[in-house]
Amino acid sequence: MKAIVYRSTGGPEVMALVERPMPEPGPGEVRVRVRVSGVNPTDWKARRGSRGHTEGIEQVPNQDGSGVVDALGEGVDPTWAGRRVWIWEAAWQRADGTAQEYVVLPLRQAVPLPDNASFELGASLGIPALTAHRTLTVAEGAPERLGPGGLAGRTVLVAGGAGAVGNAAIQLARWAGATVITTVSSPEKAALARAAGAQHVVNYRAGDTAAAIRAVAPDGVDVIVEVAPAPNAELDVAVLAPNGTVALYANDGGDALGLPVLPLMFGNLRWQAVMIYTVPAAAKDHAVAAVSAAIADGALQVGEQAGLPLHRFPVERVADAHAAVEQGAVGKVLIELP
């Protein structure tokens, strides 16, 4: 079978297309014929060595994907054979990601994908959608698992609404009944955020961002889904409602986060860091279940009409796909397997 591997860390050029033996599932595992592999920032960062790598060991990149179950390990219900599935965290603490024709992984990490949901959608979930779910459920009094009405009466601010996590957060928050405000950096990104379902879009490069948000939410916002906590710290303090939460999932703009202590104390404000790989297992299960329910409801979509343009690459151009994500491509980068 065809697979993309790298044996040493570095730029996109370290990846190569090779032939590998067909893997066989063990007890409790399934083998998935991968149709589409999704590329996330965490994938190129791992390729560059963010999580370490033993020189010479073959690593197949990419956490997310979609495909069809074609072989079952011992103990797996026979009804799983032939099911369409979406895959999450295939390469987390494992050498086998989704950038290959077939991947073996624990059954828990292969989630049924409805017939009316595309493989492109399935490969765009994983890291972005599960992260978005976690950011929307860490606030005081928030539901553990999102569903229709779960965020009714709450106002959510999504920083960077044109990004993959931002897009998923907008769609999930709207599905759960929240009022959604988002910040973007251009009219083009504003159009994408509106397509995702944001009711209010603020261009943070034009005018007073805090005033624009407060005009929509005079009592403040309840939850901020934050991609750039360091540069946005002052803004976040200015627009949070009492007992509000900033759920930060990335470090765009720097690692050093400075916060004024007294305003946080008087407002009972919370900053909650989110790393989807290491959230509690129960929280991961809630996220997977909620994302699946949102798919079934048609509440999660991809494509420009849903605010997330798709950029497709054949597997032979995996280096170009990784480079596109590394260079900040707007939308979702996908690798199509033969």
Side-chain angles (χ1 to χ4, degrees), residues 41 124 127-139 142 146 150-241 244-253 271-272 274 291 294 299-309 328-332:
S124 303
I127 299 297
L130 300 182
T131 297
H133 184 275
R134 180 63 171 170
T135 63
L136 294 168
T137 55
V138 293
L146 293 181
L151 296 178
R154 295 191 180 225
T155 301
V156 173
L157 171 62
V158 178
V165 175
N167 175 274
I170 291 169
Q171 294 194 63
L172 288 172
R174 285 299 310 277
W175 175 62
T179 296
V180 179
I181 308 168
T182 188
T183 54
V184 296
S185 60
S186 70
E188 294 76 17
K189 291 182 177 180
L192 293 176
R194 289 192 185 94
Q199 293 116 312
H200 308 280
V201 181
V202 177
N203 186 335
Y204 62 80
R205 290 180 174 168
D208 187 330
T209 303
I213 292 169
R214 282 284 183 175
V216 175
D219 296 327
V221 299
D222 301 297
V223 179
I224 300 176
V225 179
E226 185 58 82
V227 66
N232 287 344
E234 183 177 350
L235 171 66
D236 292 345
V237 172
V239 301
L240 267 180
T245 296
V246 175
L248 59 101
Y249 66 90
N251 62 344
D252 289 7
W271 264 248
Q272 170 72 55
V274 171
V291 167
L300 272 176
Q301 302 285 337
V302 293
E304 191 152 2
Q305 77 286 353
L308 192 71
V330 177
K332 187 65 184 181

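For reference, positions follow the sequence shown, starting with 1. Keep in mind that this is a model prediction, so the values were computed, not measured.
- Leu136 is listed as a side-chain neighbour of Leu172, based on a closest heavy-atom distance under 4.5 Å.
- A pairwise comparison of heavy atoms in Asn167 and Ala196 identifies ND2-CB, 3.5 Å as the closest pair.
- Considering CG of Asn232 and CD1 of Ile224, their distance stands at 8.5 Å, rounded to 0.5 Å.
- Minimum heavy-atom separation, Gly307 to Ala195: N-CB, 3.6 Å.
- Between Leu130 and Val291 there is a side-chain heavy-atom pair separated by less than 4.5 Å.
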Subject >> Stepwise side-chain contact (heavy atoms from CB on, under 4.5 Å) test for Val165 and Val227 >> reply: CA-CA 9 Å; Val165 175; Val227 66; over 6 Å; no
List, one per line, each side-chain donor-acceptor pair under 3.5 Å for residues 197-207, sequence neighbours excluded.
from	atom 1	to	atom 2	distance (Å)
Gln199	OE1	Val180	N	2.7
Asn203	OD1	Arg205	N	2.9

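- Contact between Ala159 and Thr183 at its shortest, heavy atoms only, is CA-OG1, 3.3 Å.
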Original post:
Step by step, would you call Val246 with Gln272 a side-chain contact (heavy atoms from CB on, under 4.5 Å)?
Top reply: CA-CA 6 Å; Val246 175; Gln272 170 72 55; over 6 Å; no
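- The shortest heavy-atom contact between Ala164 and Leu308 is CA-CD1, 3.9 Å.
- For the pair Trp271/Val237, a side-chain contact is recorded, criterion being any heavy-atom separation below 4.5 Å from C-beta on.
- Within a 6.0 Å radius of CD in Glu234, other residues, nucleotides and ligands contribute 12 heavy atoms or fewer.
- Side chain of Arg214 to main chain of Ala238: a donor-acceptor pair is present (N/O by atom type, distance under 3.5 Å, no hydrogens or angles).
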**OP:** I would like to know whether Thr245 and Val138 meet side-chain contact (heavy atoms from CB on, under 4.5 Å); could you show each step before the answer?
**Re:** CA-CA 8 Å; Thr245 296; Val138 293; 4.2 Å; yes
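- Between Leu157 and Thr182 there is no side-chain heavy-atom pair separated by less than 4.5 Å.
- Across every non-hydrogen atom of Ala241 and Asp219, the tightest pair is CB-O, 3.3 Å.
- From Asp252, atom CG reaches atom CD of Glu226 across 9.0 Å, with rounding to the nearest 0.5 Å.
- Of the inter-residue distances, the one linking Thr135 atom OG1 with Leu248 atom CG reads 10.0 Å to the nearest 0.5 angstrom.
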**OP:** Mind running side-chain contact (heavy atoms from CB on, under 4.5 Å) on Leu151 and Arg154 for me, showing each step along the way?
**Re:** CA-CA 6 Å; Leu151 296 178; Arg154 295 191 180 225; 4.0 Å; yes
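- Within the 3.5 Å criterion, the main-chain N or O of Thr155 finds a donor-acceptor partner in the side chain of Asp222.
- Among residues two or more places apart in sequence or in another chain, the side chain to side chain donor-acceptor pair (under 3.5 Å) test is passed with Asn251 by Asp255.
- Checked by atom type and distance alone, the side chain of Glu188 never pairs as donor or acceptor with a backbone atom of Ser185 at under 3.5 Å.
- Smallest separation of non-hydrogen atoms from Gly161 and Ile170: O-CD1, 3.6 Å.
- Thr137 places a side-chain N or O within donor-acceptor distance of the main-chain N or O of Arg134, the cut-off being under 3.5 Å.
- For the pair Glu304 and Leu192, the minimum side-chain heavy-atom distance is below 4.5 Å.
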